[in-house]
Amino acid sequence: MSPPSEVRVRIAPSPSGFLHVGTARTSIYNWLFARHHRGKFILRIEDTDLERSDPELVEVILEGLRWLGLNWDEQPYYQSKRFEVYPSYAEKLLQQGKAYHCYCSPELLKQKREEAIREKRSVKYDRHCLRLSEEEKKRLEAEAPPKAIRIKIPPGETSFHDLVYGDLSYDNADIDDLIIMRSDGRPTYNFACVVDDYEMKISHVIRGNDHIPNTYKQLLLYEALGITPPQFAHLPLSLGIDRSKISKRDGAVAITDYRQMGFLPEAMVNFLALLGWSPGDDRELMSTSELIEAFSLERVSQSNPVFDIEKLKWMNGEYIRSRDDNELVPLAAPFLIEAGLTTKLAVEIRWEYMKKVVGLLKGRCRLLTDFAELGRYFFTDKFDYEPEGVKKHFSSPECNPWLASLAERYSSLQKFDLQAIETSLRGLAEELGISAAKLIHPTRLATTGMTKGPSLFELLEVLGREEVVERLERAVDFIRGNPTPADKTDTG
RNA sequence: GUCCCCAUCGUCUAGCCCGGUCUAGGACCACGCCCUUUCACGGCGUAAACAGGGGUUCGAAUCCCCUUGGGGACACCA
């Protein structure tokens, strides 16, 4: 299906201080759709509710979109800067008798609503102000109380073809005469949305399925205004682990939280794109350009998916592994600095060292924070030996002389390179008549404090002879029951 | 209370529109084996689903209805 004219989609967040993962996902779908059709991706800030809006909060949303790599076209639009465009549309409806003034106070309406809920009646405006007599209207006009404008919903049925859900329809009798202009002259959401989508020539409205009820209202507004509505596509809502809307209970709602947790934006985009959409084959790891190429609204599913962070972590690990060491250094560095293991300057000075460290670690990382977690010993010798490891590898009586001999061998090596490190350790094991493993495990524990990690020989080479020998000797002392206080920190 | 939407492994999903090729495929997670100095990666394998009930049909995961379950919406918020 190829849209007739230019594809123009929009994402319309309200400034709340953060970019919600749900909004991020909706943005991704809109963006993929726009890029697939070589159309435009518009950003519109819905800040008509002045009480709750703050220009500063907008920047956080833009930052989130930038991080994900969702570049927008044209300048962002702000509804708050467009207040002058809405009244004329409302005026037109008023003149045609398709809308009417409502003098009911918010307090009164609230009261009526609460009453309806209490009496378990359906909550709907009673059209009190539509039925006003001419005298009453005159009297009210003379008093000049604040008045809002309501759309008069005609009887009938409203239906449309949703690009995801198919044919949908709704009885107009269940739709309220909603307020389109507040008494202070500002438009309400549904009205501003219609006017803006029209003026911005939006071709497809792609948003969460929680907006389906709004779509009927907006369709009625389009009809009253006599303008052609865009096409609609509603997305299944991504749910938290408890199956309700994603909330703080699920760990994180702001996209920036995921950045802090050590996720890569590409993994985030890939994962979120697949949450409710699939290319139809078995592909899962997809680059952004593959996603753009394959994306279509027809393949969006209709049921609400659960956001499973475990799968996201797996995917993130795949992305970390596929990145080359040079790219990975700047990605991992902030987390190492955050953990106090190095500094920005040190990273630059010891770039080659960083590259090797990151290269050794990346196969085991699922999050960027794992680099700090698993690689501490590359930056400091201030670490404790894993108690389990001590029990397992430092307890045999022969272990100590073995480590001492290894330290001796290493210090007398001509060249401390991978080849020599391995040959000399294996040679020693053979001379001692033990398996190499018997020597490898204590050595790993002595030099890293850990029982697991990258290839021992490779990490020893990266650590360097001096550091390795020193750490071996310290372990020998420790085993003798006379541990050396570890206080040397290598920051660079 | 009223209305709307949805329903395949624990989770994400393929298959559904155009019934037979489905003893239901892939992925995450779990478990086992292999590789291996450890961990991880990788490879191989195991466990795991058509919500229930009625129809229609020679035949239903696929079409229809009901039940149940889940989600969402009903503001001078967006």
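All figures in this text were calculated on a predicted structure; none of them were measured in a lab. We name chains A, B, ... by the order of the sequence lines, and we start the count at 1 in each one.
Only the P atoms considered, B:C12 is 16 Å distant from B:G70, to the nearest whole Å. Across B:G25 and B:G45, the matching P atoms stand 13 Å from one another, rounded to whole Å. Rounded to whole Å, the C1' atom of B:C63 lies 14 Å from the corresponding atom of B:G20. B:A24 and B:U68: their C1' atoms are spaced 24 Å apart (whole Å). Taking atom C1' in both B:C22 and B:A61, one finds a spacing of 9 Å when rounded to whole Å. Of the P atoms belonging to B:G53 and B:U46, the separation is 29 Å, rounded to the nearest Å. The same atom, C1', is picked in B:G19 and in B:C58; the two are 12 Å apart, to the nearest Å.
Remark: B:U37 base-pairs with no nucleotide; criterion is Watson-Crick or G-U wobble with both hydrogen-bond distances under 3.5 Å. Under the Watson-Crick or G-U wobble criterion, with both distances below 3.5 Å, B:A24 is left unpaired in every strand shown. In this structure B:U56 sits in no base pair that meets the Watson-Crick or G-U test at under 3.5 Å. With a cut-off of 3.5 Å on both pairing distances, B:A14 has no Watson-Crick or G-U wobble partner at all. Nucleotide B:C3 is matched to B:G72 when pairs are restricted to Watson-Crick or G-U wobble geometry with both distances under 3.5 angstrom. Partner assigned to B:C31 is B:G45, using Watson-Crick or G-U wobble distances below 3.5 angstrom.
Using modelled atom types, one finds no donor on one side chain facing an acceptor on the other under 3.5 Å when comparing A:His441 with A:Thr451. Looking at A:Tyr216 and A:Glu157, their side chains never bring a donor and an acceptor atom within 3.5 Å of each other. Checking A:Asp177 against A:Tyr100 by side-chain atom types alone, a donor-acceptor pair falls below 3.5 Å. No hydrogens or angles considered: nothing links the side chains of A:Asp47 and A:Gln79 as a donor-acceptor pair under 3.5 Å.
Across all strands shown, A:Gly208 has no heavy atoms under 4.0 Å from either base or sugar-phosphate atoms. Looking at heavy-atom distances under 4.0 Å, A:Ser183 makes contact with a base. Among the heavy atoms of the strands lying under 4.0 Å from A:Leu237 are primed sugar atoms or P, OP1, OP2 only; no base atom is included. Across all strands shown, A:Cys104 has heavy atoms under 4.0 Å from base atoms, whether or not it also approaches the sugar-phosphate. Among the protein residues, A:Leu456 comes within range of the nucleic acid bases, having at least one heavy atom under 4.0 Å from a base atom. Note on A:Arg426: only backbone sugar-phosphate atoms sit closer than 4.0 angstrom, heavy atoms only; bases stay farther off. Counting any heavy atom pair closer than 4.0 Å across all strands shown, A:Val306 reaches sugar-phosphate atoms only and no base atom. In this structure, A:Pro236 reaches neither bases nor backbone, as no heavy-atom distance under 4.0 Å exists between it and the strands shown. Contact annotation for A:Glu310: backbone-only contact, meaning every heavy-atom pair under 4.0 Å involves sugar-phosphate atoms and none involves a base. The residue A:Ser301 sits close only to the backbone: its heavy atoms come under 4.0 Å of sugar-phosphate atoms, none of a base. Within 4.0 Å of A:Arg299, counting heavy atoms only, lie sugar-phosphate atoms of the nucleic acid but no base atom. Counting any heavy atom pair closer than 4.0 Å across all strands shown, A:Asn214 reaches a base atom. Residue contacts for A:Thr451: at a heavy-atom cut-off of 4.0 Å it reaches a base atom on one of the strands shown. Using a 4.0 Å heavy-atom cutoff across all strands shown, A:Pro106 reaches at least one base atom of the nucleic acid.
Scanning both residues, A:Leu68 and A:Ala24, for their nearest heavy atoms gives CD1-CB, 3.9 Å. The nearest pair of heavy atoms linking A:Leu285 to A:Tyr319 is CD1-CE1, 4.3 Å. In terms of heavy atoms, A:Ala446 sits closest to A:Leu472 at CB-CD2, 4.1 Å.
Residue A:Met315 contributes atom CE, which lies 15 Å from atom P of B:C41 at whole-angstrom precision. Here B:C3 presents its P atom at 17 Å from CD1 of A:Ile212, a figure rounded to the nearest Å. Here the P atom of nucleotide B:A40 and the CD1 atom of A:Ile320 are 16 Å apart, to the nearest Å. In this structure, A:Lys112 places its NZ atom 18 Å from C1' of B:G1, rounding to the nearest Å. Regarding A:Arg186, its CZ atom lies at a distance of 8 Å from the C1' atom of B:C76, rounded to whole Å.
The side chain of A:Arg182 contributes an N or O atom lying less than 4.0 Å from OP1 or OP2 of B:C77. Side-chain N/O atoms of A:Ser435 include none lying less than 4.0 angstrom from OP1 or OP2 on B:U37. A sub-4.0 Å separation between OP1 or OP2 of B:C28 and a side-chain N or O of A:Arg366 is absent. Neither OP1 nor OP2 of B:C76 sits under 4.0 Å from any side-chain N or O of A:Thr188.
For A:Arg113, the listed nucleotide lying nearest its side chain is B:C76; candidates were B:G25, B:U37, B:C76.
With hydrogens and angles left out, the side chain of A:Arg321 and the base of B:C41 share no donor-acceptor pair within 3.5 Å. Within 3.5 Å, a donor on the side chain of A:Lys311 pairs with an acceptor on the base of B:A27, or the reverse.
A:Arg186 contributes a side-chain N or O that, together with a main-chain N or O of A:Thr48, makes up a donor-acceptor pair within less than 3.5 Å.
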